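Note on naming: letters A, B, ... go to the chains in the order of the sequence lines (proteins, then strands), and numbering restarts at 1 for each one. No experiment lies behind these values; they were computed from the predicted model shown.
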Amino acid sequence: MSSPQSFLNSPAVKLDHVTQRFRVIQERPDTLRELFSKFLRHEVSYHDFDAVSDLSLQVPHGQMLGLIGRNGSGKSTLLKIIAGVYRPTSGRVQVRGTLAPLIELGAGFHQELTGRENIMLNGLLMGCSREQMNAREQRIIDFAEIDEFIDTPIKQYSSGMQTRLAFAVATEVDPDILILDEILAVGDAAFQQKCFARIENFRRAGKTILFVSHNMNQITEYCDRVIMLDRGKIVIDGSAAEVVETYKHLTVPELATAG
Amino acid sequence: MFNLLPLKHRATSGGEGLAAAHIALEFSGLTELIRNTYHYRELIWALALKELKVRYKRSVLGFLWALLNPALMMGVLTIVFSTILRFGLPHYAIFLLSVLLPWTFFSQSLSYSVESIVGNGDLIKKVSVPKLVFPIAAVVSNSINLFLSLIPMLLLVLLMRHPLYATWLYLPVPMAALIIFTLGVSFFFAAANVYYRDISHILQVVLSAWFYFTPIIYALDFIPANRQWIFKLNPIIYVINGFRLAIYYGQLPRWSSVAASFVCAFVALGIGLAVFRKYQDDFVFYV
């Protein structure tokens, strides 16, 4: 980054002809014995498919981008490529700014450890320092509203409490780019509201948000732009109202031929 | 069941001006790998402590077991070898334990790290984090055990009225070589086990054969002179040699032996890192 201006002018996320190809093997040999027996019988059958197929996308800084599409359309694969969990088969990925490389809330939680220990561990997993996490700890506890349970092993937490804690950690580490993959389906209405209030703050602070949801109301309400994926390709890219409207009118067979 | 495999990678990722170097989007270069992993040093330490914490959780004595375990093992061996099986060597228990401790560290570290990538598979599928942190954390947590086990070792030396040599102060040197060597071998097995889970079972056999092939319960001098060269092909003998010399004999190893131990250690580290780096981006598809 040479100056803040050039930082903002270039997109936060830029994908150039990105393809993620998987080879589907029925019963991949997990042990050497299986490998030998398959090899001897020439029984390795497979086919390739592209979970993300020659996809190009630019997300400017400060945009809240919604991703919609059926199960298996490539949304999660796309997010994993952006987060750096997958290295794509081909194409170029550029990410400018820090991102919480966490594809699922609470992924780094360890059930035997206390809430406090998990805050630290999760923060370290996202690349923060111990010092930074110490400074953020109280704010995380306050936001998650788990003050009295913070020194209890989280296996005793309800799933709602765990989600609250996870959301609090992921957003308190203050990334430039936030990835939210269907995380707001859990938690009660009051906490969901709190989460969206925080997401609003993120938007106002000019952060980039990638948001996956099957809840079209949330998508229309919050997203500046929505892309719809099908078979690893972007089939529609436009304003939230526009894309959601089209999505609602597409029946399943039409979707299947849209790509 | 369907399983997903990636095709061969052709991608170039990352790019100029990448603000967050720690996102681990860097896929090339050993220096990047090391820098990236170094950025996560606090995570490595936290994972290592977590490992110990979880291991001793729910036990009444808790962390004391890290001390008691080697102490009790030493107690048993001392009784066996000073009353039942008596060898011609004075203080055989110390002779044995001075290399059994580093060996235990080595084999335990391997048993932990061989599963470290597969065992953290759920995490690797969801968080972009340098994968090297997992085997390193396994080795670090066992290093803590190794350091702690030196305390009962010291007590045993005092109890048996074995001379307490000044050469104890030399121990950090063989310890450094041992840890570097162990890291290298750990990286190799951690990576290999991702592809074929048989590796972790094979490792146990390899370790027990390796144990008897290494002068731990015996000394290299017991081997006929014309056969000793075979044993000298075993890289770990140079690495653990310094322990026995310093603790039992009160001697320092020859320069050539020290040099050999570090050459073996760095060659192992080099091979382990190279293999790990080559395959690490594909781990996520196999775990």
Side-chain angles (χ1 to χ4, degrees), chain A residues 1-2 6-7 10 14 18-33 35 46 48 51 80-81 83-99 101-104 107-108 110 112-113 117 120-122 124-131 133 153 175-176, chain B residues 1-27 36 39-47 49-51 53-55 57-58 120 122-130 133 195-199 201-202 280-286:
Chain A
M1 238 184 313
S2 46
S6 75
F7 175 76
S10 55
K14 189 177 174 205
V18 168
T19 295
Q20 186 76 55
R21 181 164 300 163
F22 290 106
R23 175 161 288 179
V24 183
I25 296 183
Q26 286 167 36
E27 290 183 38
R28 188 182 85 81
D30 256 337
T31 63
L32 290 174
R33 189 188 62 80
L35 177 73
Y46 61 85
D48 294 341
K80 285 185 177 186
I81 291 169
V85 173
Y86 287 166
R87 177 193 187 180
T89 315
S90 65
R92 203 173 150 76
V93 183
Q94 275 185 50
V95 176
R96 278 166 189 268
T98 54
L99 66 78
L102 186 80
I103 215 67
E104 191 178 302
H110 195 287
E112 288 285 339
L113 301 181
E117 290 165 335
M120 182 57 75
L121 191 61
N122 225 25
L124 295 177
L125 265 173
M126 288 192 270
C128 300
S129 71
R130 189 165 276 280
E131 196 185 334
M133 290 316 290
D176 298 324
Chain B
M1 238 340 255
F2 278 58
N3 272 295
L4 298 178
L5 283 185
L7 283 189
K8 206 168 158 16
H9 292 311
R10 282 170 281 119
T12 49
S13 291
E16 67 288 336
L18 195 78
H22 63 265
I23 301 176
L25 270 173
E26 322 268 358
F27 292 113
N36 252 331
H39 178 91
Y40 282 84
R41 60 196 178 278
E42 289 181 323
L43 174 66
I44 293 172
W45 185 246
L47 288 173
L49 288 181
K50 183 202 87 178
E51 185 103 47
K53 206 175 259 172
V54 172
R55 196 187 314 174
K57 207 133 202 169
R58 294 183 164 277
N120 284 295
D122 278 341
L123 209 53
I124 287 168
K125 276 188 259 187
K126 287 161 190 162
V127 187
S128 168
V129 65
V133 302
Y195 293 91
Y196 291 103
R197 306 292 152 85
D198 312 54
I199 297 291
H201 303 293
I202 294 171
Q280 62 170 349
D281 294 331
D282 288 344
F283 289 168
V284 63
F285 303 107
Y286 293 86

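Residue I44(B) does not touch chain A at all, counting heavy-atom pairs closer than 4.5 Å. In this structure, no portion of T19(A) lies under 4.5 Å from any heavy atom of chain B. If you measure heavy-atom distances from I202(B) to chain A, the contacts under 4.5 Å come from the side chain alone.
In this structure, the side chain of T98(A) engages the main chain of D176(A) through a donor-acceptor pair within 3.5 Å. The backbone N or O of K125(B) sits less than 3.5 Å from a side-chain atom of K80(A), completing a donor-acceptor pair.
In this structure K53(B) satisfies the side chain to side chain contact (heavy atoms under 4.5 Å, CB included) test together with L113(A), E117(A), sequence neighbours excluded. Under the side chain to side chain contact (heavy atoms under 4.5 Å, CB included) criterion, R41(B) pairs with Y38(B), not counting sequence neighbours.
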